[in-house]
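Everything on this sheet refers to the single structure shown next.
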Amino acid sequence: MEFMQFHPSLLWCEGEAKGLVSEAVRGAGGIFVDEHRHPIMKGIHEQLDLAPRHITAHALFNKHAAGQKTFIDISSIVHFEEKFPTIAQLCSDNNVNLQDGLIPVAPGSHFLMGGVIADDMGRTSIPNLYAIGEVACTGVHGANRLASNSLLEGITFGQRMAQYIIQTGCKQNNYFIADKTYKQTMPSLFTKNQLQQTMMHTLGIVRNPIDIQQLVQQLPSMQILLHVDLDGLNLPELELYMMHTVATLMAHAAITRTETRGAHIRTDKLQNDKQWVNRWIIFQQGQMKVRNSLYEYHQARGNAQAIL
């Protein structure tokens, strides 16, 4: 759950992200520039603006941290509106004048590489509970993700899951409602905006272990969250509860993995640690475990390689 990918180019207007500006724009010749139109990626990576997402996102993050604005210069792309009508419309809807040749962008959270462990049919450890797409951990993604892998994953595993359910059915007769012997009242929670801002600051592209530890202490524990009485909560209250559950899982996983790997950079450990290779941080019934191998993953991985 610690592996959240960050996309380098979200349309950034009036202090808010308004939508995604596809990497295809840079593939067509767009380049990252600062407010003086100086190229940002020059000298940072040999692939310049087509470098991996975590590298480009980190470069733009550093610019914003220094108080500088960042853009994609599209002045070299002929007939931009015709080639990218959806992005052009997004810019128009947010009063971005493309005649200037600049699209204001900033990095932002994009895709979770962790999730519910599932096999190539989307089956989880709970009978008749299926997971596909971003919510699932199927072995397709590592600590980072290639562009459009999510589309391929959703189409492939979604179809396989649907075929499996059609063939086997999904009638469940042996379920029961757990009778909790004790229930706790809802603990103190962040507001939705507070939680979003805190998570972006603490578990963003660059992560400081002191900040993560403070966040862990501020968030309710999984044991408390698992025993909260949810009866009578409305939809916004349930959403906030679920957001805190995800935040707690991510924070505990992030403080436990003491290295930099994949989509984020940890300030006290700037390099990969070989001791963490192929190690998984797993949560089962609220308990965190670090496992050196993952049978479920390896079982799914062979199938994933065969079908993809």
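In this chain, residues are counted from 1 in sequence order.
Formation of a donor-acceptor pair under 3.5 Å by the Thr248 side chain with backbone atoms of Ser221 is not found in this model. Judged by distance alone, with hydrogens and angles left aside, the side-chain atoms of Thr56 form a donor-acceptor pair with the main-chain N or O of Arg53 at under 3.5 Å. No donor-acceptor pair under 3.5 Å is formed between the side chain of His36 and the backbone N or O of His38. Formation of a donor-acceptor pair under 3.5 Å by the Glu2 side chain with backbone atoms of Ala253 is not found in this model. Panel note: side chain Gln167, backbone Tyr164; no donor-acceptor pair is recorded below 3.5 Å. Checking side-chain atoms of Arg266 against main-chain N and O of Arg261 turns up no donor-acceptor pair under 3.5 Å. No side-chain donor-acceptor contact under 3.5 Å links Arg145 to the backbone of Gly142. Using modelled atom types, no side-chain atom of Arg279 and backbone atom of Arg257 make a donor-acceptor pair closer than 3.5 Å. Side-chain N or O atoms of Asp49 include one that pairs as donor or acceptor with a backbone N or O of Phe32 at under 3.5 Å. Looking at Asp73, its side chain does come within 3.5 Å of a backbone N or O of Ser75 through a donor-acceptor pair.
The same ILVMFWY cluster, assembled from side-chain heavy atoms under 4.5 Å apart, contains both Ile205 and Ile255.
Here Ile103 contributes atom CD1 and Ile72 contributes atom CD1; the two are 5.5 Å apart, rounded to the nearest 0.5 Å.
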* Residues Val216, Gln213; criterion side-chain contact (heavy atoms from CB on, under 4.5 Å); working and verdict -> CA-CA 5 Å; Val216 167; Gln213 189 59 56; 4.2 Å; yes

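The number of heavy-atom neighbours closer than 6.0 Å to NZ of Lys83, taken from other residues, nucleotides and ligands shown, is above 12. Annotation for Leu270: atom CG counts as buried by contact number, over 12 foreign heavy atoms lying within 6.0 Å. No more than 12 heavy atoms of other residues, nucleotides or ligands sit less than 6.0 Å from atom CD of Gln271.
With a 4.5 Å cut-off on side-chain heavy atoms, Val96 and Leu90 do not count as touching. Within the 4.5 Å cutoff, side-chain heavy atoms of Arg26 are placed close to those of Pro8. When side chains are defined from C-beta on, Asp211 does not count as touching Arg207, because their heavy atoms never get closer than 4.5 Å. Looking at heavy atoms from C-beta onward, Trp276 lies out of side-chain contact with Thr260 at the 4.5 angstrom threshold.
Closest non-hydrogen pair, His64 versus Pro107, comes out as CD2-CD, 4.2 Å.
Scored by the side-chain contact (heavy atoms from CB on, under 4.5 Å) test, Lys192 finds Gln196, Glu239, Leu240, Met243 as partners (sequence neighbours excluded).
For the residue pair His227/Gln184, the side-chain donor-acceptor check at 3.5 Å is not satisfied. Counted by atom type alone, Glu153 and His141 present one or more donor-acceptor pairs between their side chains at under 3.5 Å.
Between His244 and Phe190, the angle of the ring planes stays under 30°, which puts this pair in the parallel group of the 30/60° scheme.
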